[in-house]
There are 2 protein chains.
Amino acid sequence: MNDELPALPWERSRRRTAPARIPLTRDRIVDAAYVVLDREGYEKLGMRQVAAELGVAVSALYSHVSSKDELFELMYVRMFDDWDLPEPDPEHWREQVAEYARDGRARLHKHRDMARISMGGIPFGPETLPYMDRILGIFRAGGLPDRVAGAAGDVISTFIDGFALEESMWETRRRESGQNSWAEMRETLERYFEELPPDRFPHLVALSNTMFENSNDDRFDLGIEIIIRGLASFVEEVEKTEAGGSSGTSAPEDERP
Amino acid sequence: MNDELPALPWERSRRRTAPARIPLTRDRIVDAAYVVLDREGYEKLGMRQVAAELGVAVSALYSHVSSKDELFELMYVRMFDDWDLPEPDPEHWREQVAEYARDGRARLHKHRDMARISMGGIPFGPETLPYMDRILGIFRAGGLPDRVAGAAGDVISTFIDGFALEESMWETRRRESGQNSWAEMRETLERYFEELPPDRFPHLVALSNTMFENSNDDRFDLGIEIIIRGLASFVEEVEKTEAGGSSGTSAPEDERP
DNA sequence: ACTGTGGAATGAACGCCGTTCTCTAATAGA
DNA sequence: TCTATTAGAGAACGGCGTTCATTCCACAGT
């Protein structure tokens with residue numbers, strides 16, 4: 001054999017690189033995808049970038065992942081890892097729902113543009129079903145009629161995703177417009193609204209203060225509060241006859257911030 | 001001038017092709033984009049398809065539209081054409097909000113995958129500002145405190161967009177899975193939920209009936225009702241002590257369109 | 001110790017995309 | 001009638017997701 005002969009110049013060297021020390025797995029691919037997502041953003045997240053992040057050929061990914069869509073789906077279900085929803089507690093369903101919502105938003109914020117990936121994720125896949133069941137359980141434990149519990153899931157989850165998506169789009173615009181900090185961006189926006197012609201946009205101008213003086217967190221919490229109060233108005237007072245009776249049908253009194 | 005003379009037969013070579021009978025405009029491009037969207041769906045909507053629809057070279061589009069993103073933005077603002085929001089009526093703000101929501105969903109349903117384009121549209125662009133102002137006006141006329149009115153816009157619009165987006169994604173899945181009718185698809189889904197292991201997903205199984213026996217319209221209306229009830233719980237009963245009086249300090253009565 | 005085999009990674013290619021560039025031809029104005 | 005302008009055409013560029021034939025490597029069986 002001529003193994004030890006110098007490689008002929010026109011042939012590519014036989015053993016080119018170190019042979020993939022660590023084996024490629026779906027998990028490593030998802031990890032790399034998150035690294036790329038955080039560094040480059042949703043628009044630049046592609047199979048080539050993920051492969052480059054792993055130091056691997058693009059086509060190698062397709063042995064473990066059937067398409068970009070599936071990769072995104074894997075990223076989506078990754079969002080639910082280690083998410084422990086509490087045992088439904090009839091007495092504290094409001095707090096449990098509020099905390100679920102805040103957790104959801106926090107998880108969406110853990111990675112840049114994550115809301116873009118979350119939208120379009122299948123909410124009833126095998127991995128996410130347990131969480132959907134749990135949140136429905138919390139609603140039902142709270143006394144929501146079944147048909148309201150179903151709609152409650154729609155309202156809550158569209159709000160969480162939609163709010164986070166809007167935040168991530170503002171963040172993108174901020175980045176693209178060269179504004180360095182959120183405070184700077186917010187000031188720019190507030191000025192924009194304040195300088196609108198008040199005769200044509202009286203309400204926007206009037207609200208420009210309150211809309212921007214509160215943080216996004218406050219606005220999110222308020223949105224959740226609105227939804228929870230609306231849900232509470234449907235709670236059937238089936239029993240709970242005696243002490244500690246909560247409010248009437250349409251307007252519950254208050255709750256913990 | 002010989003403008004009105006018929007073209008001489010032998011010099012037809014001069015003007016060999018029909019010289020763009022109808023001039024290309026932004027409006028015609030947006031029209032064509034909608035045609036392509038309805039026929040091919042969001043994923044297949046591209047500059048080449050739009051150009052082909054117009055019988056025009058791709059590059060011609062860029063004389064009127066600076067990018068695909070701008071084209072999408074034009075499609076987004078088109079959604080607001082001829083949308084007459086009513087004069088804010090303090091007595092009927094709930095009905096006005098509900099109708100606004102239903103209108104919004106209907107407009108999103110007018111074109112396939114429209115929700116995908118609506119998500120990502122700039123809600124505070126010059127063309128959409130009047131509508132945002134109007135809906136805020138309705139909230140304030142109803143007696144919502146200013147900071148609640150701001151959050152109310154978030155909740156309502158994320159629900160409308162998110163709900164419609166989810167619908168359009170189910171529709172896409174139905175199309176891709178070869179199911180012909182929605183009824184068929186719904187039956188498949190209901191069976192899927194019913195056959196889940198009840199010990200692991202008790203609530204999903206329990207709700208599988210009610211979740212699918214109601215139409216999407218009912219679920220949407222119920223979601224809106226939840227939100228409106230939540231908003232109502234924030235209405236300040238400042239005065240409105242008795243008959244006639246319009247609302248108080250925080251809600252201006254009306255405005256000219 | 002040798003060899004055969006199967007799975008995983010490679011590199012090149014395909015067809016598509018959004019966008020840009022150059023050039024042509026038709027129009028409008030003097 | 002000549003010229004300046006400009007809308008549109010056509011080709012090209014780089015990048016995308018995906019596929020495919022090939023190559024390499026680790027390991028099983030002899």
Side-chain angles (χ1 to χ4, degrees), chain A residues 1 3 7-8 10-30 32-33 36-37 40-75 116-117 120 176, chain B residues 1-5 7-8 11-30 32-33 36-37 40-75 116-117 120 176:
Chain A
M1 300 309 199
D3 278 356
L8 297 178
W10 55 85
E11 315 189 300
R12 295 192 312 273
S13 62
R14 287 298 173 83
R15 47 192 64 206
R16 268 179 313 325
T17 68
R21 321 279 309 139
I22 322 165
L24 205 51
T25 64
R26 287 161 81 93
D27 269 340
R28 286 191 63 226
I29 292 175
V30 174
V36 174
L37 180 66
E40 319 254 6
Y42 179 86
E43 306 282 355
K44 301 280 186 190
L45 171 55
M47 302 303 272
R48 281 172 166 82
Q49 287 77 1
V50 174
E53 181 67 29
L54 291 160
V56 131
V58 208
S59 50
L61 302 178
Y62 286 86
S63 304
H64 304 87
V65 154
S66 70
S67 70
K68 192 189 183 186
D69 279 348
E70 192 186 57
L71 173 55
F72 279 22
E73 196 67 29
L74 293 175
M75 297 177 76
R116 294 276 272 280
I117 287 171
E176 284 171 354
Chain B
M1 303 302 195
N2 54 4
D3 278 356
E4 60 276 356
L5 288 183
L8 298 176
E11 58 180 17
R12 273 190 349 111
S13 57
R14 287 284 186 86
R15 47 189 68 202
R16 49 178 167 48
T17 70
R21 323 273 305 133
I22 321 163
L24 205 51
T25 63
R26 288 162 80 93
D27 270 340
R28 286 191 62 226
I29 293 175
V30 174
V36 174
L37 180 67
E40 319 254 8
Y42 178 86
E43 306 281 355
K44 302 279 186 190
L45 171 55
M47 303 302 272
R48 281 173 167 82
Q49 286 78 358
V50 174
E53 182 67 30
L54 290 161
V56 129
V58 209
S59 52
L61 302 178
Y62 285 87
S63 304
H64 303 88
V65 154
S66 70
S67 70
K68 193 189 183 187
D69 279 347
E70 192 187 56
L71 173 55
F72 279 21
E73 195 66 29
L74 293 175
M75 297 176 76
R116 295 275 272 280
I117 287 171
E176 285 172 353

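Residue numbers begin at 1 in each chain, while the letters A, B, ... track the order of the sequences.
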Self-check item: Atom-to-atom span, CD1 of Ile29(A) to C1' of dA8(C) - whole angstrom
Solution: 12 Å
Quiz item: Which part of the nucleic acid does Ala60(A) contact within heavy-atom distance under 4.0 Å: base, sugar-phosphate only, or nothing?
Solution: base
Quiz item: Which angle, rounded to 10°, do you find between the first-five-pair axis and the last-five-pair axis of the helix from dA1(C)-dT30(D) to dA30(C)-dT1(D)?
Solution: 10°
Exercise. When you get a sec, tell me which of dT19(C), dT18(D), dA9(D) is the closest nucleotide to the side chain of Met47(A)?
Key: dT18(D)
Quiz item: Is Arg28(A) reaching over with its side chain to a backbone N or O of Pro23(A), donor-acceptor style, under 3.5 angstrom?
Solution: yes
Exercise. Please report the closest heavy-atom contact between Lys44(B) and Val36(B), naming both atoms and the distance.
Key: O-CG1, 4.3 Å
Practice problem: Rounded off to whole Å, could you give me the CG-to-P distance for the Leu45(B) and dC16(C) pair? | Solution: 17 Å
Quiz item: What integer distance in Å separates Lys44(A):NZ from dG15(D):C1'?
Solution: 9 Å
Exercise. Look at the side chain of Val56(B) and decide which nucleotide, out of dT18(D), dA9(C), dA9(D), has an atom nearest to it.
Key: dA9(D)
Quiz item: Could you state the CG-P distance from Leu61(A) to dG17(D), rounded to the nearest angstrom?
Solution: 10 Å
Quiz item: Which of residues 64-72 of chain A sit near DNA chain D, with a heavy atom under 4.0 Å from it?
Solution: Ser67(A), Lys68(A)
Quiz item: Quick one: CZ on Arg116(B) to CG on Leu37(B), what's the gap to the nearest 0.5 Å?
Solution: 10.0 Å
Quiz item: Gln49(A) has an atom CD; how far is it from atom C1' of dG15(D), in whole Å?
Solution: 9 Å
Quiz prompt | Integer-rounded Å distance: dC17(C) C1' and Arg48(B) CZ | solution = 6 Å
Self-check item: Distance-only donor-acceptor test (3.5 Å): side chain Ser59(A), base dA9(C)
Solution: no
Quiz item: Side chains of Leu74(B) and Ile29(B): does their closest heavy-atom pair fall under 4.5 Å?
Solution: no
Quiz item: What are the two closest heavy atoms between Glu70(A) and Val65(A), and how far apart are they?
Solution: OE1-CA, 3.3 Å
Quiz item: Over how many whole Å does the gap from Glu43(A) atom CD to dG14(D) atom P extend?
Solution: 22 Å
Quiz item: If we only count heavy atoms from C-beta on, is the Leu71(B) to Leu61(B) side-chain gap below 4.5 Å?
Solution: no
Quiz item: So, does His64(B) use its side chain to make a donor-acceptor pair with the main chain of Leu24(B) at under 3.5 Å?
Solution: yes
Exercise. Please report the closest heavy-atom contact between Leu45(B) and Ala33(B), naming both atoms and the distance.
Key: CD1-O, 3.8 Å
Quiz prompt | From CE (Met47(A)) to OG (Ser67(A)), nearest 0.5 Å | solution = 7.0 Å
Quiz item: In whole Å, what is the span from the CG atom of Leu24(B) to the P atom of dA26(C)?
Solution: 18 Å
